Amino acid sequence: MSLQTKIKDSSAVVGVIGLGYVGLPLLAAFHRAGFPTIGFDIDPAKITALKKGENYLKHLGSEMTQDLLKGAKFDATADFSRMGEADVLISCVPTPLGKHLEPDLTYVEKTADDIAKTLRPGQLIVLESTTYPRTTRDVMLPRFEARGMKCGQDFYVAYSPEREDPGRKDFHTQTIPKLVGGIDPISGELATALYKRAIEKVIPVSNAEVAEAAKLLENIYRAVNIALVNEMKMVLTAMGIDVWEVINAAATKPFGFQAFYPGPGLGGHCIPIDPFYLTWKAREVGMNTRFIELAGEINHHMPEYVVHRTSLALNDRGKAVKGSRILVLGLAYKPDVDDVRESPSFELIEKLEELGGEVDYHDPHVPATHKMRRHDLQMKSIQLTPEALKGYDCVLVATHHQAYDWQMVADNAKLVVDTRNALKGVRGRRDHIVMA
Ligand SMILES: NC(=O)c1ccc[n+]([C@@H]2O[C@H](COP(=O)([O-])OP(=O)(O)OC[C@H]3O[C@@H](n4cnc5c(N)ncnc54)[C@H](O)[C@@H]3O)[C@@H](O)[C@H]2O)c1
């Protein structure tokens, strides 16, 4: 039976490689659409959890993983020799940066090598990881063609960027429009037909490179606009003007303005990283990405700015950072998730500790820290009570989780440094709240 027919009647086996924030909900979307699915991951703990119907990504809920055990066939495995069982393989592995801000494509390369080992006629391979234009064509495709088969004839390859925003309530995998670009027209058509079965709106583009570049543009747009409001924050704060009120005022314009909000720095696996994939690739054509570099400079400076504001606020109260007890609220990089990747909270804690501060943290979603690529804090979240708050010289708000009772924080903290405008609605005195 042709792949086209298998896609049409939902009998194509869909294999998803990399079952993280992107891969797991994607696999669930295909499963919900009635496709037999196989999840591949190098992490045996994830495989074990999924086979028991447990969800290690708390914000997605256990209903999703329990549903995988019902309906269409589902299996999870760390045995990559089984990749040949799938008619479609979608790769959602990480694309981090190396030490010198260069793309680290080792995961993408390793996955392509694994796929190549069992590649067979009729298979469709799609890359979803965020990366620079031509990765699919120049990094993945040659590994497959080395098997002696031809793309667009024997097997098919496409790129479709993931636009997942974990924790978001108004959009999810099925309702976020999906871009699809093939290495050749037939690959593009097959991948488009596949995604149409699981995703509400699919937008085919001319080729894989357009889809790869579109994803980067989306993330660069965010990085640049966040840098802009971070710069506005520093300037307006020095002038004694509330930047959040200014942004909300500007946002009343019904066209031509989109609100972005300042913060303590960039976090997550996308915005601090992806723009530099283009910076690196642009050098190949002799170009500099000045917007990206400038945005990176401003955004990377934010934790330092926040620490400076914190030390000034303590100084105003006759205290130094050295010896002060400081509580950081929020370790995750954004509200209501447990994702701590690239979170600026780590840098805030480390910088304050370097200055001699005695730092604790609280995060309702992150009970303890674990070893990461650049940080190993070995800390545990404290119990957040009115008494505990009273014991700190300064409370630094880094992430505005909904679970926080800001009135309780305002009523009990001696000093609050607020990087998120989280305390905007609190009643009573405000002279102990400093914006940063
Ligand atoms: N997290 C987001 O919000 C988001 C949004 C859009 C795009 N993306 C992009 O999607 C990609 C994946 O991101 P993520 O957030 O899902 O990452 P993640 O770290 O949550 O998940 C990646 C998974 O891949 C697994 N893995 C690593 N190497 C593997 C291998 N060789 N074979 C099989 N599995 C392997 C890991 O164990 C992990 O479970 C990245 O390129 C990222 O930039 C992420």
Side-chain angles (χ1 to χ4, degrees), residues 15-29 38-50 55-60 65 76-83 86 89-97 103-118 125-132 135-136 139-140 143 159-168 171-173 176-179 199 211-212 214-223 266-278 332-343 370 372-373:
V16 175
I17 308 166
L19 304 171
Y21 286 89
V22 164
L24 184 59
L26 184 73
L27 179 139
I38 310 177
F40 295 92
D41 205 290
I42 45 166
D43 182 351
K46 289 192 172 122
I47 304 299
T48 311
L50 291 177
N55 201 338
Y56 40 83
L57 296 175
K58 299 286 171 250
H59 66 280
L60 295 174
T65 40
T77 180
D79 177 4
F80 297 164
S81 68
R82 290 186 56 196
M83 284 184 182
L89 282 163
I90 306 178
S91 174
C92 308
V93 293
T95 43
L97 286 175
D104 174 359
L105 284 183
T106 47
Y107 299 90
V108 171
E109 290 164 354
K110 163 84 172 59
T111 303
D113 288 335
D114 286 332
I115 295 169
K117 280 182 203 148
T118 55
I125 322 295
V126 186
L127 178 64
E128 290 224 359
S129 307
T130 308
T131 184
Y132 58 75
T135 304
T136 314
V139 178
M140 294 194 85
R143 290 170 151 85
Y159 179 83
S160 178
E162 187 51 64
R163 291 161 146 177
E164 198 67 31
D165 186 9
R168 208 181 176 101
F171 283 98
H172 53 85
T173 310
I176 301 171
K178 197 105 179 74
L179 298 177
I199 311 284
E212 288 167 329
K215 171 68 190 179
L216 285 186
L217 174 61
E218 290 166 18
N219 284 357
I220 291 164
Y221 173 79
R222 284 188 62 76
L266 291 182
H269 183 18
C270 298
I271 312 300
I273 292 174
D274 303 343
F276 293 101
Y277 268 65
L278 190 66
Y333 80 91
K334 67 174 181 179
D336 312 324
V337 296
D338 60 2
D339 191 349
V340 295
R341 290 176 296 176
E342 311 292 325
S343 172
H370 60 272
M372 301 184 349
R373 280 156 65 95

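First listed ligand is number 1; within each ligand, the first listed atom is number 1. Predicted model only: the values in this text are computed from it and were never measured.
- By the 4.0 Å N-to-carboxylate-O rule, Lys110 lies too far from Asp113 to be salt-bridged with it.
- A salt bridge does not link Arg222 to Asp274: none of the charged nitrogens lies less than 4.0 Å from a carboxylate oxygen.
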Result block: side-chain N/O donor-acceptor pairs under 3.5 angstrom for residues 335-342, not counting sequence neighbours:
{"residue": "Asp336", "atom": "OD1", "partner": "Gln402", "partner atom": "N", "Å": "2.8"}
{"residue": "Asp336", "atom": "OD2", "partner": "Gln402", "partner atom": "NE2", "Å": "3.2"}
{"residue": "Asp338", "atom": "OD1", "partner": "Tyr21", "partner atom": "OH", "Å": "3.2"}
{"residue": "Asp339", "atom": "OD1", "partner": "Arg341", "partner atom": "N", "Å": "3.1"}
{"residue": "Asp339", "atom": "OD1", "partner": "Arg341", "partner atom": "NE", "Å": "3.0"}
{"residue": "Asp339", "atom": "OD2", "partner": "Arg341", "partner atom": "NE", "Å": "3.4"}
{"residue": "Asp339", "atom": "OD2", "partner": "Arg341", "partner atom": "NH2", "Å": "2.9"}
{"residue": "Glu342", "atom": "OE1", "partner": "Arg374", "partner atom": "NH2", "Å": "3.3"}

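- With hydrogens and angles disregarded, no donor-acceptor distance shorter than 3.5 Å links the side chain of Lys215 to the backbone of Tyr132.
- For a heavy-atom separation below 4.0 Å, the residues in contact with ligand 1 are Ile17, Gly18, Leu19, Gly20, Tyr21, Val22, Asp41, Ile42, Asp43, Lys46, Phe80, Cys92, Val93, Pro94, Thr95, Tyr107, Lys110, Thr111, Ser129, Thr130, Glu162, Glu164, Pro166, Lys215, His269, Cys270, Arg341.
- Of the possible polar contacts, one joining the Thr95 side chain to the Thr130 backbone as a donor-acceptor pair under 3.5 Å is found.
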Verdict with reasoning, Glu109 to Met140, per side chain to side chain contact (heavy atoms under 4.5 Å, CB included): CA-CA 7 Å; Glu109 290 164 354; Met140 294 194 85; over 6 Å; no
